[in-house]
> 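Below is the structure I would like to discuss, written out as structure tokens.
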Amino acid sequence: MRNTSWLEFDVTALRHNISVVKQRAPSARILAMLKANGYGHGADWVAANISALADGYGLARLCEAESLRASQPEARLLLLGTLIDRSLLERCSELRLDLVIHRLDDARQLSRTPLPQAINVWLKRNIGMNRLGMNHEAFVEAHRLLADSPQVADIIHMSHFSDADEPSTPVTAEQCQRLCSSSAELGRVPRSMANSAAIIAHPYSHFDWVRPGIMLYGDDPTGYLQGGQQLQAVMQFKSRIIAIKDVETGDGVGYNRRWTAPSPRRIATVGVGYADGYPRHAEDGTPMVIRGQRVPLAGRVSMDLLTVDVSTLPDVEVGDEVLLWGHGLPAAEVASHCQTISYELFTGISDRVERHYPD
Ligand SMILES: *Cc1c(COP(=O)(O)O)cnc(C)c1O
């Protein structure tokens with residue numbers, strides 16, 4: 001070990017999680033979302049270990065798709081909604097990437113651009129997020145244009161839910177109906193709607209392709225999954241104690257002495273900070289695990305270090321391992337102390353953190 005913080009990855013957990021996708025959506029094909037370097041888990045490693053159940057992979061940037069194409073020469077890769085111009089269309093064709101078409105103008109440009117080989121198009125309907133996608137009229141027009149275009153091979157109808165992680169609202173069913181009614185006018189075209197939350201909580205939305213992201217990495221955004229279907233953490237974020245100090249009642253710890261000791265306490269300084277990807281917004285009390293026991297963050301997270309109250313651990317020593325999130329301490333729980341979500345924690349780990357993959 002050269003640095004004080006590192007990531008460990010669990011291939012058994014990853015395979016378990018994709019098997020849960022298959023159990024929840026047995027008749028859908030799986031487009032595993034590997035954007036943002038597989039939510040920080042390493043897109044090449046994730047793809048290599050889920051290929052038995054995944055039917056394709058989703059990326060958000062051309063550079064991500066180019067990089068995964070190098071390790072997955074045959075796999076189906078989808079480039080999600082992006083800025084489209086002629087050179088991007090040509091590159092998609094060369095790399096055999098499927099492409100999301102989310103504007104009628106982009107559909108027109110594609111229909112006018114000669115390509116070395118036809119590409120698969122995922123045509124995106126706006127169903128309520130108002131971020132990407134077309135309204136009914138534009139969607140129908142784009143479909144008709146592309147269905148007749150020699151540049152286009154398969155067409156898939158897709159959209160993306162805004163509220164699937166709130167299982168009680170009727171919004172998701174209404175949004176689903178918007179894609180269905182547009183799609184129904186255009187014959188039998190494969191459909192894709194469901195992200196992780198919808199895979200878990202809205203089975204009517206599974207259709208032909210599901211698009212799991214966060215559930216592959218072990219977070220259930222609905223909290224629905226029980227028993228053997230509970231998801232498992234794939235990433236463990238760890239560091240080590242590099243110093244220990246005893247402080248007196250009233251002593252402050254860290255920048256601006258945000259935390260002050262309510263009684264004599266023992267403080268451990270850990271070799272990880274916000275420049276590694278541990279969130280600076282973590283509040284006092286944010287849990288971490290040392291020697292199998294939860295202990296609370298005490299004081300502001302700094303760039304390279306954080307401080308934790310280890311008064312309940314009499315045997316604690318410099319060099320002890322600290323679990324920041326992973327097995328027994330879900331990233332989602334840590335995130336709830338930092339005004340964020342597991343997605344942001346996973347994707348925010350910086351390069352200087354060592355990656356340890358199983359052999
Ligand atoms: C990221 C993404 C997903 C996966 O969402 P999760 O909540 O991580 O399951 C699905 N579809 C699209 C279009 C996405 O951008």
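For the numbers below, each heavy atom of this structure counts, side chains included, while hydrogens, waters and symmetry mates do not. Whatever order the structure lists them in is the order used to number ligands and atoms, beginning at 1.
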> State, to 0.1 Å, how close M134 and H102 come at their nearest heavy-atom pair, and which atoms those are.
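That would be CG-O, 3.4 Å.
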
> Are the ring centres of F9 and Y357 closer than 6.0 Å?
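Distance test on ring centres: under 6.0 Å, yes.
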
> Pairs of nitrogen or oxygen atoms, one from ligand 1 and one from the protein, closer than 3.5 Å: please tabulate them with distances.
from: ligand 1; atom 1: 7 (O); to: Y343; atom 2: OH; distance (Å): 2.7
from: ligand 1; atom 1: 8 (O); to: Y39; atom 2: OH; distance (Å): 2.6
from: ligand 1; atom 1: 8 (O); to: I214; atom 2: N; distance (Å): 2.8
from: ligand 1; atom 1: 9 (O); to: S196; atom 2: N; distance (Å): 2.8
from: ligand 1; atom 1: 9 (O); to: S196; atom 2: OG; distance (Å): 2.5
from: ligand 1; atom 1: 9 (O); to: G213; atom 2: N; distance (Å): 2.9
from: ligand 1; atom 1: 11 (N); to: H160; atom 2: ND1; distance (Å): 3.4
from: ligand 1; atom 1: 11 (N); to: R211; atom 2: NE; distance (Å): 2.9
from: ligand 1; atom 1: 11 (N); to: R211; atom 2: NH2; distance (Å): 3.3
from: ligand 1; atom 1: 15 (O); to: K35; atom 2: NZ; distance (Å): 2.6

> Check this for me: does any side-chain nitrogen of one of R69 and E94 sit under 4.0 Å from a carboxylate oxygen of the other?
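No, R69 and E94 are not salt-bridged.
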
> Can we call the ring centroids of H281 and Y274 under 6.0 Å apart?
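Judged by ring-centre distance (under 6.0 Å), H281 and Y274 do not meet the cut-off.
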
> Could you walk me through whether D55 and R76 satisfy the salt bridge (Lys or Arg N to Asp or Glu O under 4.0 Å) test, starting with their C-alpha distance in whole Å, then the side-chain angles of each, then the deciding distance to 0.1 Å, before giving a yes or no?
CA-CA 7 Å; D55 301 282; R76 189 160 187 173; over 6 Å; no

> So for atom CZ, which belongs to R266, do other residues, nucleotides or ligands contribute more than 12 heavy atoms lying within a distance under 6.0 Å?
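Counting neighbours around CZ of R266, 12 or fewer heavy atoms of other residues, nucleotides or ligands fall under 6.0 Å, so no.
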
